[in-house]
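I have placed the structure first, in the form of structure tokens, so that the comments after it can refer back to it.
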Amino acid sequence: MNTAKPALLSIDAIDVHYGAVQALYGVSLHVNAGEVVSVLGGNASGKSTTLKSVLGLVGPTQGRIVLDGREIQGRAPADVIDLGVASVPEGRRVFPDMSVDENLLLGAYPRRKHKADIAQDLAEVFTTFPRLAERRKQLAGTLSGGEQQMLALGRAWLRRGKLVCIDEPSMGLSPRFVDAVYDVLFRWKAAGQTILLVEQNARIALELADRAYVLQYGHVVLEGNAADLAADAAVQKAYLGAA
Amino acid sequence: MSAFSPICPAIAEYGASFKNAVELYLDKVNADGGINGRPIKLIVEDDRNSPQEAATVARKIVATPGVVLTIGSWSTTASLAAAPIFAEAKIPQISPTSSHPDFTRQSPFQFRQNNTDDVLAQYNADTIHKKLKANRIVIPYSQDDWGVYTVKATTAAIEKDGGKVLLTEAVIPGAKDFRPLISKIKAANPDGVFIALPYQEASIFIQQLRQAGVNIPAGGGIPLTSPKFIELAGKAAEGVVVHSIFFPGDPSKKAFVDAYQAKYHKLPDQFAALAYDAAGVGVAAISRVVQSGKPLTGQAVRDELANGPAYAGVTGVSKFENGNVKKDPTFLVVRDGTFQLLQQ
Amino acid sequence: MVHSLPTPGSTQPGLHVQGLSRHFSGVKAVDDVSFDLLPGEILALVGPNGAGKSTLIQLVSGVERPTAGRILLGDVRLDGRGPERIARLGMGRSFQTSRVFPALTVWDSVRLGTQAGLLRGGGTMHKDPGSGHGRLSNPLAEIAGELLGLPGWRRRRAEADARAETALKRFGDRLWPRRDQPAFSLSYANRRRLEIARVLAAEPRYVLLDEPAAGMNPSETAELTDLLLALRAEQPTLGLLVVEHKLSLVRRIADRVVVLNQGRVLATGTPAEALDDPEVVEAYLGRRRTRPAESDAHLG
Amino acid sequence: MLELFASQIVNGLAIGQVYALIALGFSLVFGVSNLINFAQGALFMLGAFIAFTGVTTLHLPLVAAAALSVAVMSLLGMLLERLALRPLENAPYIAPVLSTLAISLIVDQLAEIIWSPEGQAFPVPFEEVTYFFGSAYITSTDLLIFGFGAAAAIALTLFLSRSWLGRTLRATAQDRDAAAQLGVRTSNVKRLAFGLAGALGALSGILVALYFKSVFPQMGLPYGLKGFAAALLGGLASTPGAVLGGLLLGIVETLASAYIGEGYRDLVAYTLVLVFLVFRPQGLLGDRRLDALGGLGGAGGAMPSTSVLSSSSSQRKATRVLELPPWGFLAVGLALALLPVATQNAYVLQAVAYAIIFALLVASVTLVSGSLGILSIGHMAFYGVGAYAVGILARNHGWPAEAALLGAAAITAIIAMVAALPLLKLSGHTAALGTLAVGQIGYLVFMTWLDVTRGPMGFIGIPAPRLGLLGGYTLASLTQKFCLIAVVVAVGLALAQRLLNSGIGRVWRGIREDRLAAHAAGLPVRRYILLGFALSGLLAGTAGGLFAYVQSVVSPESFTVSASILLLTLAVLGGLGNLTGAALAGFALTLLPELLRPFAEWRMIAYGVALLLMLRLRPNGLLGAR
């Protein structure tokens, strides 16, 4: 299954249980450095669970997860993040009672010792997201959903991670904001950022991704090149539908 | 075999005094061969000074075979809760300390070792008005049987003797911040304060009173005779005058005081002395029953208590009249951290 | 099934939102919005995130109070009434986050939808339009009925349970076989279905659905679309207000569309008119994607 | 007059700053863990006692003893988090709150065992100076407390807003999972918060000991409650709010004490808490989060629910629920009524009688706390109303037992409904706080309304129950009373179980599970909450009435908030919302301690440990929460 050269991230046959319910059955996938990999699937297909196991938010009962040569399954989220992972969580999860500034700053928490670098990156984020610059002192809870998603992206960027995990960035956003979010992701990709993306919106995810995996009921049912999958009749029927 | 059962209150200091004193007395009796060679057995139950617990404990005691006398409880409230149960079981109950007149009115089975509040009220008035020469008096009192009755009776006694009570204020058990009350007291400008509070509240009250620069004479009743009052109040207790029917410094009490101190390494307080006498009165009554050859029952012991001769104990002479006694007070003052006889 | 028409004398049947505004500390979440929802009509409320759609549903259902404006059901004022009174006037609603009474069984959860009707004498919500303002039976009668199992009360209960069963069975075998499982054990999509079933069990005159298809895949969305169309066919006087991002659904079911943007009505009309309005396209659909050049792509 | 008023304000500020200091510890923990830490009072008390031991036994100078105490209490605070709260992270929402209650039960009792229940003089190493301003005065101790309090508040504010650690603390407070995904070790952060709270508790304990120049093992609960009330008035998670709330509380209760009477101090204080809960639950310097404490969990992608039984992770396990049918209660009751055939031992009968009464009482708690989902930390107030009502009706008015019991039940039901009125809009923690205030107010009314209750003196002379329907037959013996109790309780429980099984019970559970959804479904939520309280009051009042008949004396200390906490504990042990479990727990755990009477002082500790274990191993209770 595995490719010859070591992947940045490889998930090897993991099982995940929630109580008595099994959510993942021997899921394997890998992400090479510089690659954008997308995990697709309907609700309860296990795609978010896959991402959460990488981040240490759930622990697999079976299998291994290797990041950059180190086994990380079952480790605490903070340990995983320390190894160079950034996360854009599902539902944005900005800190509502903290200012935009503070939210962004917290993104740089693992490298808090490097003050000068952080200041520089912060300035970059504000150039990219002028709307955030305007609202620096505003509480994040008062931002609109789209603005919060921008904030979550900016926050993750400040981690400067070698791998960014993104969970459903288009969820609950209007098409216009979905566009704006993916604009940012396309630019990250162009800059060589490695991304593991979980997305329900298959059409746009396949546009962005190099490779993709399709999950169903906790199993990987399809994997391959994004362009091939986009052309696959079964995928089209199940996930692209008539949009 | 006969048995005693004191009910001990939760206020540990009092409870320990009770238990220690009764144990001391019974050890002495049993060491001397008991009553006609029969030892007396003691059962101790803790009623946590709660009426509910007192009732439960009383049920447990009356259900124990062989019990002919009970000593307790500490507060009138708890004693009253237990009283009907003992009355129903025909077991005499001697409370060393319940001072509310109602207690001995419950049934012919209730006795006490201390003065009733009516008698004590006059001693209270004497303390503040006669001994400390105060005329314009304030009284903080605790909002319980003892406090409410005491403030009423003491006020009456003071005013009968020509003094004036400017302010009385109820204090809820457990109160600790008396500054609002003290500001009111300051505003009333009294020349004496009579403290009708349990020693714990009283010690904080007197500290805060002195702290506020109110240096008027202060007197107190029975609760303040506890050495714990001086311990807690520290320097603020200096000069406080109390009346007591027991003073450990009295040479005639030396045998009791020495024995108590030898065994428990501290001075007996008034509560210990009262419990000691309760045990003494009770044992005397039991031995009279045994000697008369009558069957040893609670009823027989009660009759002996009620009709027997006077008993001279460490707190004075006990001769029951409707379950009550009358004992003369000694006036004490706090000097150098101990109680001393008040010199006139 | 035949349903009674609005009370005679009601001058304007339907739900009327007139100049409605809701301000949160300076932010105008809803700003002077007016529209009508007539009996038998399906109206879709669309617009970008933060346009005020959900706030509007909260206002109409009484969860939030408007800052200004009026809401009328027939000639009955709704604004200022609490959510339960509004619900008892025949207005059912679902929530964006599907609120399903997690620890209750699926069956009990749906039966709760029938309880208010039961309290009103066994009638359903739509039978008593406008009048009485949702008068309830005496609580003592209820206790007596339940404790003693009085026949009248049992009959009413049985009728209510029949309505609950019908509502659950609308979703085929998605919910009915799971009726004894706790609601929290359901999948996301099934929770949405359960919530809609509970709303329908009350047999309301108007239904407000807040993103009913969120979390459903295209085939599930299509299934829901069919269900709503079937419902409309069955109950020709039912008024349906749907907030939805999935335009496939909106285009198929809506008679009319109201497009909101930044709290204001941007356009109203048939789906084709409203959604193809250039201003709407600009505000809502966004520009067509142009891949950014590699060079300016350092950060994002 | 004006001068007196001014000096009373100064007095209020003096005690108020004491409250403020305690409140700071609460707000810190609340901010980070969204948890009302009922153990804070215990930490506070323990801090004072450790310093006391340092000075008296170890002969340390005060400063060294204080430092020792602060260090030990920081560690204990962290230990508390590790042992009592961390294991409950994914447990039902109610579990951590109860866990801190259990800890406070254990610590308070242990302190009584270690240091004796007596107050002890706290040695003050410096000469106290009093400064007079007209008739007003402040002492050097006041200034010392002010100095430390202000320093603590400022340091805390700066720490939270300026340091990385402080920022992670706030981030963790707002969204723990999100903070974890940024690399924050949230468990360390939480532990830090509890360590800080422990340190603050110790500091405030020592300062309070200096203020009163004494330490008491019982000071944890009353001062904990006051500190907590202060934090609530100020706005629970707000540092300046804690200070402001403390001062406000101090001034208000001082004025109450000065102008209404010393006995009314606490009554006014808790009424103020209730008023705030109704009109401004977010406090003076509000924090919106308290509103959300009803458990809206929706933001995290979890299922929205206002249930106290729902867990923070959306995966919940369904538990088996063991319940008696209504007739089962009747059968058990009748069987128990035959006990006097087996034994005539009055002590046994009395103990079993109390146990049966408690079974009914705990059932009444579980109705409100379990089925309706409003944690009741003040239920003893209703029990007390029933007891006093029977006392008054039977003794003062000579009513027969049937009438007196029914009357007491009805009066209690009405009072319970009135008490529920201010709670109607509250849920989750805020509702629990409301019931706590109601419980305190009830207790204080029993204490102060001398004309009716005779206050601490107790209401005495309640006659034996006389059955009017049996031609005035009097149940004079305990055996007869016992049968009356068994029958009445069985009937009460059977009726309650029937209601719980009915549509009404379903609506109660629905309101508990999601109050907003219940509103939206057109359910008359207020009516059902009142109905729940009425039924609960009915049962509690009946239990109280029976209690009055067995006891023949009623006094306030049977109805304290600590006892209410114990009741709630029993309800949880039985399985919240499960009437059978409640009755069983109430029965068994009232009877069990009788067997262990010689170890009475360990009883509370045993309850506390049992509760901790239960929360950890079987959070749904013995027979399963329903």
Side-chain angles (χ1 to χ4, degrees), chain A residues 17-21 23 48-49 51-52 54-58 76-99 101-113 115 118 139-141 148 152 155-156 158-159 161 165-168 171-172, chain D residues 30-32 34 86 89-91 160-191 235-238 282 285-292 296-302 304 311-319:
Chain A
H17 291 81
Y18 292 115
V21 182
S48 270
T49 303
L51 197 70
K52 283 179 178 159
V54 173
L55 290 168
L57 292 167
V58 298
D79 292 329
V80 177
I81 300 294
D82 271 356
L83 291 173
V85 176
S87 164
V88 180
E90 182 180 351
R92 309 181 278 276
R93 307 293 281 270
V94 297
F95 303 109
D97 290 336
M98 294 172 100
S99 68
D101 257 353
E102 285 183 305
N103 263 281
L104 288 171
L105 209 52
L106 275 164
Y109 175 74
R111 53 193 194 104
R112 56 195 173 281
K113 301 267 169 10
K115 275 191 179 163
I118 294 175
L139 292 185
Q148 287 185 3
R155 191 174 65 179
L158 273 161
R159 169 70 193 93
C165 295
I166 307 176
D167 200 350
E168 302 262 17
M171 191 189 217
Chain D
F30 182 83
V32 175
N34 277 354
R86 181 97 54 89
E89 268 180 356
N90 295 317
L160 287 176
S161 61
R162 298 287 165 82
S163 71
W164 272 104
L165 216 50
R167 271 194 287 267
T168 55
L169 221 142
R170 283 158 59 218
T172 307
Q174 290 170 34
D175 190 335
R176 195 182 45 187
D177 274 2
Q181 289 181 57
L182 298 179
V184 176
R185 280 165 219 283
T186 51
S187 41
N188 293 2
V189 168
K190 234 175 160 176
R191 192 184 313 146
L236 265 177
S238 156
Q282 75 275 35
L285 303 182
D287 184 302
R288 281 165 290 131
R289 250 177 306 158
L290 196 62
D291 302 335
L296 287 164
S311 81
S312 59
S313 67
S314 52
Q315 290 86 35
R316 298 207 288 182
K317 282 191 198 122
T319 43

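Letters A, B, ... mirror the listed sequences (proteins, then strands); counts begin at 1. Worth knowing before you read on, the calculation uses all heavy atoms, side chains too, and leaves out hydrogens, waters and symmetry mates. All of these numbers come straight from a predicted model, not from anything done at the bench.
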Nearest heavy atoms of [X] and [Y], plus distance in Å:
X	Y	value
Asp97(A)	Gln174(D)	N-OE1, 2.9 Å
Trp164(D)	Ile118(A)	CZ2-CD1, 4.5 Å
Thr168(D)	Tyr109(A)	CG2-CE1, 3.2 Å
Glu102(A)	Ser161(D)	OE2-O, 4.2 Å
Ala78(A)	Gly183(D)	CB-O, 3.5 Å

Does any heavy atom of chain A fall under 4.5 Å from the side chain of Thr186(D), the backbone, both, or neither of them?
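Neither part.
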Look up atom CD in Gln181(D) and atom CD in Glu90(A), then write down how far apart they are to the nearest 0.5 Å.
10.0 Å
Between [X] and chain D, which part of the residue has a heavy atom less than 4.5 Å away: side chain, backbone, both or neither?
X	answer
Leu106(A)	both
Leu158(A)	neither
Arg112(A)	both

Applying side chain to side chain contact (heavy atoms under 4.5 Å, CB included), run through Asp79(A) and Arg185(D) and close with a yes or a no.
CA-CA 8 Å; Asp79(A) 292 329; Arg185(D) 280 165 219 283; 2.5 Å; yes
